[in-house]
Amino acid sequence: MDIKISFPDGAVREFAAPTTGMAIANDISSGLRRNAVAVKVNGALWDLTREIAADAQVEIVTRDTDEGLEVLRHDAAHIMAEAVKELFPETQVTIGPAIEDGFYYDFAREEAFTPDDLVTIETRMRDIVRRNETIEREIWDRQQAIDYFKSIGEEYKAEIITDLPETEELSIYRQGEFLDLCVGPHLPSTGILRDGFKLTKLAGAYWRGDSNNAQLQRIYGTAWSDKKQLKAYLKRMEEAEKRDHRKLGKTLDLFHIQDEAPGSVFWHPKGWALYQVVQQYMADRQYERGYKEIKTPILVDFSLWERSGHAEKFSDDMFTLETDDRRYAIKPMNCPCHVQVYNQGLKSYRDLPLKLAEFGSCHRNEMSGALHGIMRVRSFVQDDAHVFCTEEQIQSEVTEFIDFLHAVYKDFGFTEIVYKLSTRPELRVGDDEVWDRSEKALEKALNDNGLDWDLQPGEGAFYGPKIEFSLKDCIGRLWQCGTMQVDFSTPGRLGAEYVAEDGSKKAPVMLHRAILGSIERFLGILIEQHAGAMPAWLAPQQVMIATIVTDANDYAEEVCAALRAHGIRAEVDLRNEKIGYKVREHSLQKIPAILAIGMREAEEKTLAVRRFGSQNQTTMTLDDFITSFTQEVENRELMAATPNAE
RNA sequence: GCCUGCAUAGCUCAGUAGGUAGAGCAACUGACUUGUAAUCAGUAGGUCGUUGGUUCGAUUCCGACUGCAGGCUCCA
């Protein structure tokens, strides 16, 4: 009997039933068969060797596609597990998925793996690939599977199966002596993985992601369709690490952190200049959009935190101190203080929405292992603001905020933003009906803006749902920056109210929101985004005036004074060095414009302008330079447009 | 906080099978007055993260602590 197989290009061909993905690929071309790793049957990923017995829509998945790579990476994880079981039979295997760029597998073993073990394991993996073991899919009975894994000491696997829904079909993949529970699909044999993989790092990971559980040993690896792709990836990572903000913070002399103040930043003149540009920019944009900037205390009596609910939920993260028989907390958040400002004087519905903003200095006693450069610190400043509004105003305020955030991120050059919506957790305050409305409001705002977003069920704050806006660092790690949180609880707890149209007193809704998140974290991402070469409007030092001969010093000073008078951040380099030396040094410092001044320029009252990223020089008058550079800064241009961008 | 690893000059790094360390750049001094990514010569610079132990002797071996890196957990 023949079955009809239709392909993505619309073609339909008949095959004798049953057939397989492998047979179909082979029938199309030997090249396709060689590159095939799986097959999509009516949209579901299947093993190449699995029988196709009825008419179907079929697509061969090749090794260089995203889905193909996922299969390869998943197989790499299984092959690693097989290698580990061969080398260290006392080890229990747990789970091992494919992840972005690679894979990992979590192992339970008394003894710790060493970096040397990684080399041994990788070598054994290559043996297994060379053996080209057949990988077979088997359907097992639930109890049989539990008994089997228990019998070989794989308690974790048995636990996984026990927790699977009864209805689930149990597929077990067999490769050589190694059997693993897995939904698949997998390669027909281990040899197909080839040699585009490498084990990268060793880490601890909690069983089922819960820090109350046992800690397992996780081995990470990366895997690609071939060795060339692997090398390209390793090269990419190496290049990306050059953009690390911690490295650039040092070489560009922006900031440092030292042992005596872990998680707190010492800002150097150039770093602080950048910091202030960003903060002032934010202050101006907020002013334009009707925010009122305030400043509240850092040290506040602990009782306020008890009333706000922070003491209960946050006390582990709070720094506290006792003096004169009073207990204080160093604020970890600004919200309770903002409510105190709101509470001064009677508010009417006509005052809403009231937007109170603060560059609030917060301190949180983050766990030592969580600290990371200036991205995750213990002392940071939030571009925090609280919008006090009525329930009816939530929707428009959230929409307005997303628009605001986009405008800001665009100015800084960020285009890739990851959106997440976190909804009601189990432990929460407020009626479900109110939660329904606020979650809907956030969801609608995301959808109205046509954004792709991920749902994080149960991840919301106890007082309300939130949207998280995350940006990626140089190696693709995600950092939450912006946030929008709906809060029905805090205003009531802290006695905030307004007089409504009907004369009754009501508690306002509070929207906690930040765009940069923390200025420290945002600057870290910003530095990595631009690889330290900041656009003119952000560059801490915008212009360096470098003299060629000492006789040009006076003119150089004159130029510097004129630039500074126009608000341009300029310095002079009068050192007795060759121009080539100065150009090299200031280029390495990634200064947007170097103005070289020799006798020619001094006599003609001109400048030789060299922009960062270009080898060219353009001679122009001081006035022309000031005009064009000022324009570039005012427009917040991301790329040097004039005078000689490459 | 947990797991693994790391800590040598201002920076980037080398080194010691246990006998108190070296390079390049930077700094300082002198010469050179220079035209777009490193001018030459000389000088100086280190309790080898802190702290216990083993040893005749520890920067090196072992332990603790602190910090950092990667990951987990947690978060802006």
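First the proteins, then the strands, lettered A, B, ... as listed; each starts at 1.
- Taking 4.0 angstrom as the limit, A:Tyr206 places none of its side-chain polar atoms (N or O) nearer than this to OP1 or OP2 of B:G71.
- Regarding A:His256, its NE2 atom lies at a distance of 11 Å from the P atom of B:C11, rounded to whole Å.
- Pair assignment for B:A41: B:U29, on the basis of Watson-Crick or G-U wobble contacts that are both within less than 3.5 Å.
- Here B:G71 presents its P atom at 5 Å from NZ of A:Lys201, a figure rounded to the nearest Å.
- The aromatic ring of A:Phe380 stacks onto the base of B:A76, its centre lying under 5.5 Å from the centre of the six-membered base ring with the two planes under 30° apart.
- Regarding contacts with the backbone of B:U36, every side-chain N or O of A:Gln615 stays at 4.0 angstrom or more from both OP1 and OP2.
- Using a 4.0 Å cut-off, no side-chain N or O of A:Lys582 falls inside it from OP1 or OP2 of B:G35.
- Put simply, A:His372 has a side-chain N or O that comes within less than 4.0 Å of OP1 or OP2 on B:G70.
- B:C28 atom P lies 11 Å from atom CD of A:Glu577, rounded to whole Å.
- Between B:U33, B:G35, B:C72, one nucleotide has an atom nearer to the side chain of A:Tyr220 than all others, and that is B:C72.
- Of the side-chain N and O atoms in A:Arg610, one or more sit less than 4.0 angstrom from OP1 or OP2 of B:A37.
- When rounded to the nearest whole Å, the span between CG of A:Asp253 and P of B:U12 equals 13 Å.
- Here A:Tyr581 reaches the OP1 or OP2 of B:A26: one of its side-chain N or O atoms lies under 4.0 Å away.
- With rounding to whole Å, A:Glu260 atom CD is found 10 Å from B:U66 atom C1'.
- When the C1' atom is used for both B:U16 and B:U60, the distance is 6 Å, rounded to whole Å.
- For the C1' atom pair drawn from B:A27 and B:G70, the interatomic distance equals 34 Å after rounding to whole Å.
- A:Arg477 has a side-chain polar atom (N or O) that falls below the 4.0 Å cut-off from OP1 or OP2 of B:G70.
- With hydrogens and angles ignored, the 3.5 Å screen pairs no side-chain donor or acceptor of A:Lys605 with any backbone N or O of A:Thr621.
- Atom pair A:Leu371:CG and B:C74:P shows a separation of 16 Å (rounding to whole Å applied).
- Remark: A:Lys242 engages A:Glu239 in a salt bridge, criterion side-chain N to carboxylate O under 4.0 Å.
- Looking at A:Glu366, its side chain has no donor and acceptor atom pair within 3.5 Å of the base of B:G1.
- The shortest distance between the side-chain N/O atoms of A:Gln617 and the OP1/OP2 oxygens of B:U36 is not below 4.0 Å.
- The shortest distance between the side-chain N/O atoms of A:Arg246 and the OP1/OP2 oxygens of B:G70 is below 4.0 Å.
- Under the Watson-Crick or G-U wobble criterion, with both distances below 3.5 Å, B:C65 is paired with B:G49.
- Rounded to whole Å, the distance from CZ on A:Phe107 to P on B:U4 is 16 Å.
- Phosphate proximity of B:G1 to A:Ser368: present, with a side-chain N or O under 4.0 Å from OP1 or OP2.
- A:Arg378 has no side-chain polar atom (N or O) that falls below the 4.0 Å cut-off from OP1 or OP2 of B:C75.
- The base-pairing partner of B:A9, taking Watson-Crick or G-U wobble contacts with both distances under 3.5 Å, does not exist among the strands shown.
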